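Note that this is a predicted model, so its numbers are computed, not measured.
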Amino acid sequence: MIPINKIRNERDRVEAGLHKKNFKEIHLINELLKIDDNRKTTQRQLDDILSRSNNFSKSIPQLIKEGKTSEAEAAKKESASLKAETQNLSDELKDIERKILDIHTQIPNVPHENVPAGKTPEDNVEVRNGGTIPNLPEKAFPHWELTKKYDIIDFDLGSKITGAGFPVYKGKGAKLQRALIQYFLDKAIDAGYLEIMPPLMVNGESAYATGQLPDKEGQMYQNQDGFYMIPTSEVPVTNIYRDQVISESELPIKMTAYSQCFRREAGSYGKDVRGLNRLHQFDKVEIVQLVKPENSYATLDQMVKHIENLLIELELPYRVLSLCGGDMSFASAHTFDLEVYSAAQKRWLEVSSASNFEDFQANRLKARYKNAEGKIELCHTLNGSALALPRIVAALLENNQTESGIRIPSVLIPYTGFEMI
RNA sequence: GGAGAGAUGGCAGAGUGGUCGAUCGCGAUGGUCUUGAAAACCAUUGACUGUAACAGGUCCGGGGGUUCGAAUCCCUCUCUCUCCGCCA
């Protein structure tokens, strides 16, 4: 949520930004500010009555001590009748606060000024690319055939055991998963991230704090205890700092986590979901940072470079996209997507998304720090996939296929223990 | 799952109906002293809301109740600890 004071003080900039994000309900800004004004006046009325009631209450012990029983009784009556007056006001206030929250949670974050304008993925801007797209022979196989040919990932078996989108990794397929996870974690740890192994289920408060609730409820699996299976480790990891005030010297906080991720992906269909392209359960290594506001964009660049370097070392052709306003997620102020080219499918696959949420997520999380002057401010939060496995595997299998098998990039060989599948 | 005990400021830990937003200690910050540091001593030190700044209001795990007044009494939920049961 955008801090309300920010909306108040920089209203033009906020509205222009929301427009860029293709947000249709700009009128909500006006409603929010109006109802917040209402909140303040109601709060003041209530506080005033409470204050008077408190004064009567406080005088009672003294009056009793002095033996002024009838005056004490009168004070009790005064206080009680004032208290009765507060009932309506405090109900009203609760109602107002509910409305504020309801409106507030519908307003997305404001994009950074460098975010390109646009509404659809076609409007995203390629900022750079790297690697070379391999020239595969005409009869090159898409990964879902390669996985069958070498018997390394079994989609049908997963369907039998659970359902579509829950593949079974076997033999070298399983080893390749572990190798990638280990490699990604090692690189993140080398870059100064603290490894976290979080719970794979979270409660509603956590899901709310990072913004999965209320709008993305349908995307998560929920169990009979009301817990949600995490769609990304961003949720539990970022929630470590929920309701925390940390000291400035602790920043930046850098955390990385491997986890399996669970997404219902209701409504997906067709070639987009074939093979490894879209799964209900998948593996991902995530990087998360909490930083001082003035450093957050330098941090975003640094995170994108980190992810990019992984793709370079894996020898995959990639491109970095700056997402346009309309294609960015609700909470993001600036997002870079990294895509790799899957040579047999002849398409780009998103393998990472790195975002700066500025103070939007921190405001909901209440993740704050105390600066040098002792003032409490919101942190900026960022996260990125480094990396999500399935599409990396898809591209590796397709791009590296040869007559004699699938070549493992050299950086992974120490982890896999084999050079070919 | 059953029985009992508990949850208070960064930590530790008092407080069982009336100036308690909360004693003391540790920690942290500033200062004195010192070449510097340690020690010692002095001072400051919870959050949210609100105001131009004061004032005011709210918060003692969450929610509700009793009362003029609740950290303190009652109900409820969550979590932690001890014992029993079950178990990778």
Side-chain angles (χ1 to χ4, degrees), chain A residues 1-9 32-101 103-105 197-209 213 222-228 236 239-251 253 260 290 359 361-379:
Chain A
M1 296 184 287
I2 310 172
I4 289 187
N5 280 338
K6 193 159 152 186
I7 298 177
R8 210 178 275 288
N9 298 333
L32 182 67
L33 293 181
K34 240 164 76 186
I35 196 164
D36 190 53
D37 286 338
N38 193 359
R39 190 202 101 238
K40 284 190 195 181
T41 48
T42 308
Q43 179 79 258
R44 214 164 319 174
Q45 287 171 34
L46 177 63
D47 287 354
D48 182 58
I49 298 172
L50 282 176
S51 174
R52 283 188 282 148
S53 170
N54 286 344
N55 281 338
F56 279 115
S57 268
K58 279 180 194 160
S59 70
I60 290 170
Q62 186 62 29
L63 291 171
I64 291 174
K65 209 177 285 174
E66 292 169 7
K68 298 175 178 168
T69 327
S70 62
E71 288 176 42
E73 284 306 316
K76 280 187 190 180
K77 284 213 181 80
E78 285 289 350
S79 184
S81 74
L82 283 169
K83 202 63 186 289
E85 276 184 52
T86 64
Q87 194 54 51
N88 280 340
L89 276 176
S90 86
D91 287 349
E92 198 182 319
L93 193 63
K94 270 183 198 160
D95 196 48
I96 289 172
E97 279 167 353
R98 246 194 311 275
K99 277 185 192 145
I100 288 177
L101 188 66
I103 295 176
H104 206 176
T105 49
M197 260 203 191
L200 301 184
M201 293 185 210
V202 295
N203 57 31
E205 281 159 298
S206 294
Y208 173 79
L213 296 180
Q222 190 177 15
N223 73 9
Q224 58 191 353
D225 289 322
F227 297 148
Y228 297 90
N239 265 282
I240 291 173
Y241 288 93
R242 166 153 55 94
D243 290 323
Q244 294 279 305
V245 180
I246 55 180
S247 74
E248 188 175 15
S249 60
E250 290 177 72
L251 297 174
I253 285 162
Q260 304 194 313
L290 281 78
D359 58 10
Q361 191 177 51
N363 190 34
R364 217 191 265 200
L365 274 174
K366 300 273 175 287
R368 294 153 294 166
Y369 73 100
K370 195 172 267 190
N371 68 18
E373 292 94 59
K375 242 187 91 187
I376 288 171
E377 293 188 67
L378 291 168
C379 300

*In whole angstroms, how far is the P atom of rA52(B) from the CG atom of N5(A)?*
11 Å
_rU34(B) and rC41(B), which share atom name C1', separated by this distance in whole Å_ = 14 Å
*Separation of rC48(B) P from E377(A) CD (nearest whole Å)*: 12 Å
*Return the minimal non-hydrogen interatomic distance between L290(A) and Y241(A), and the atom names on each side.*
CD2-CB, 3.7 Å
*Does V245(A) or N55(A) map to a spot on RNA chain B nearer the 5' end, using the closest nucleotide for each?*
V245(A)
*Separation of the C1' atoms in rU49(B) and rA55(B), to the nearest angstrom*: 14 Å
_Between P of rG57(B) and CZ of F56(A), the distance in whole Å_ = 14 Å
*Is D91(A) salt-bridged to K94(A), cutoff N-O under 4.0 Å?*
no
*Looking only at non-hydrogen atoms, find the nearest pair between E205(A) and N239(A) and report the distance.*
O-OD1, 4.5 Å
*So do D95(A) and E92(A) actually touch side chain to side chain, heavy atoms under 4.5 Å?*
no
*Are a donor atom and an acceptor atom from the side chains of N54(A) and S57(A) found within less than 3.5 Å of each other?*
no
*Which of the following nucleotides, rA47(B), rU58(B), rG18(B), is nearest to the side chain of I376(A)?*
rA47(B)
*Would you please confirm or rule out a distance under 4.0 Å between OP1 or OP2 of rG69(B) and any side-chain N or O of K83(A)?*
yes
*Minimum heavy-atom distance L378(A)-A362(A), with the two atoms named*: CD2-O, 3.6 Å
*Duplex segments of RNA chain B, taken as runs of at least three Watson-Crick or G-U pairs that stay under 3.5 Å*: B:1-7 with B:78-84, B:27-32 with B:40-45, B:46-49 with B:56-59, B:61-65 with B:73-77
*Once you round it to whole Å, what is the distance between P of rC68(B) and NZ of K77(A)?*
11 Å
*Which whole number of Å gives the distance between the P atom of rG62(B) and that of rA71(B)?*
12 Å
*Take atom NZ of K375(A) and atom P of rA47(B), then tell me their distance rounded to the nearest Å.*
13 Å
*Rounded off to whole Å, could you give me the CZ-to-P distance for the R52(A) and rG69(B) pair?*
16 Å
*Proximal nucleotide (of rG18(B), rG57(B), rG50(B)) relative to the I60(A) side chain*: rG18(B)
*Counting side-chain heavy atoms from C-beta on, which of rG50(B), rU58(B), rC68(B) comes nearest to N54(A)?*
rU58(B)
_If you assign each of Q87(A) and D48(A) to its closest nucleotide in RNA chain B, which residue comes earlier from the 5' end?_
D48(A)
_With a 4.0 Å cut-off on N to O distance, would you call R44(A) and D47(A) a salt bridge?_
no
_Phosphate OP1/OP2 of rU49(B): any R39(A) side-chain N/O under 4.0 Å_ = no
*Would you say a side-chain N or O of K94(A) is under 4.0 Å from OP1 or OP2 of rG64(B)?*
yes
*asked:* Could you go through S51(A) and D48(A), starting from their C-alpha distance and side-chain angles, then the distance that decides it, and tell me whether this counts as side-chain hydrogen bond (donor to acceptor under 3.5 Å, both in side chains)?
replied: CA-CA 5 Å; S51(A) 174; D48(A) 182 58; 5.6 Å; no
_OP1 or OP2 of rU29(B) under 4.0 Å from side-chain N/O of K370(A)_ = no
*When you compare rG6(B) with rC42(B), how far apart are their P atoms, in angstrom units rounded to a whole number?*
37 Å
*When all nucleic acid strands are considered with a 4.0 Å heavy-atom cut-off, which category describes A80(A): base, sugar-phosphate, or nothing?*
sugar-phosphate
*Taking the same atom, P, in rC26(B) and in rA12(B), what whole-Å distance lies between them?*
16 Å
*Of the options I35(A), D36(A), D37(A), which is the one that meets R39(A) in a side chain to side chain contact (heavy atoms under 4.5 Å, CB included)?*
D36(A)
*Distance between P atoms of rC54(B) and rG15(B) (Å, rounded)*: 36 Å
*Within this structure, what is the CG-to-P distance between L46(A) and rG56(B), rounded to whole angstrom?*
16 Å
_Of the listed nucleotides (rC68(B), rG18(B), rU58(B)), which one gets closest to any side-chain atom of L50(A)?_
rU58(B)
*asked:* Roughly how many Å apart are rA14(B) and rG61(B), using the P atom of each and rounding to a whole number?
replied: 15 Å
*Using a cut-off of 4.0 Å on non-hydrogen atoms, how would the nucleic acid contact of K40(A) be classed: base, sugar-phosphate, or nothing?*
sugar-phosphate
*Write down the distance separating the C1' atoms in rG30(B) and rC79(B), rounded off to the nearest Å.*
39 Å
_Protein-nucleotide distance (K58(A), atom NZ; rG17(B), atom C1'), rounded to Å_ = 16 Å
*asked:* Any base atoms under 4.0 Å from S57(A), or only sugar-phosphate, or nothing? Heavy atoms, all strands.
replied: base
*asked:* If you only use heavy atoms from C-beta on, which nucleotide in rG64(B), rC48(B), rU58(B) is closest to the side chain of R368(A)?
replied: rC48(B)
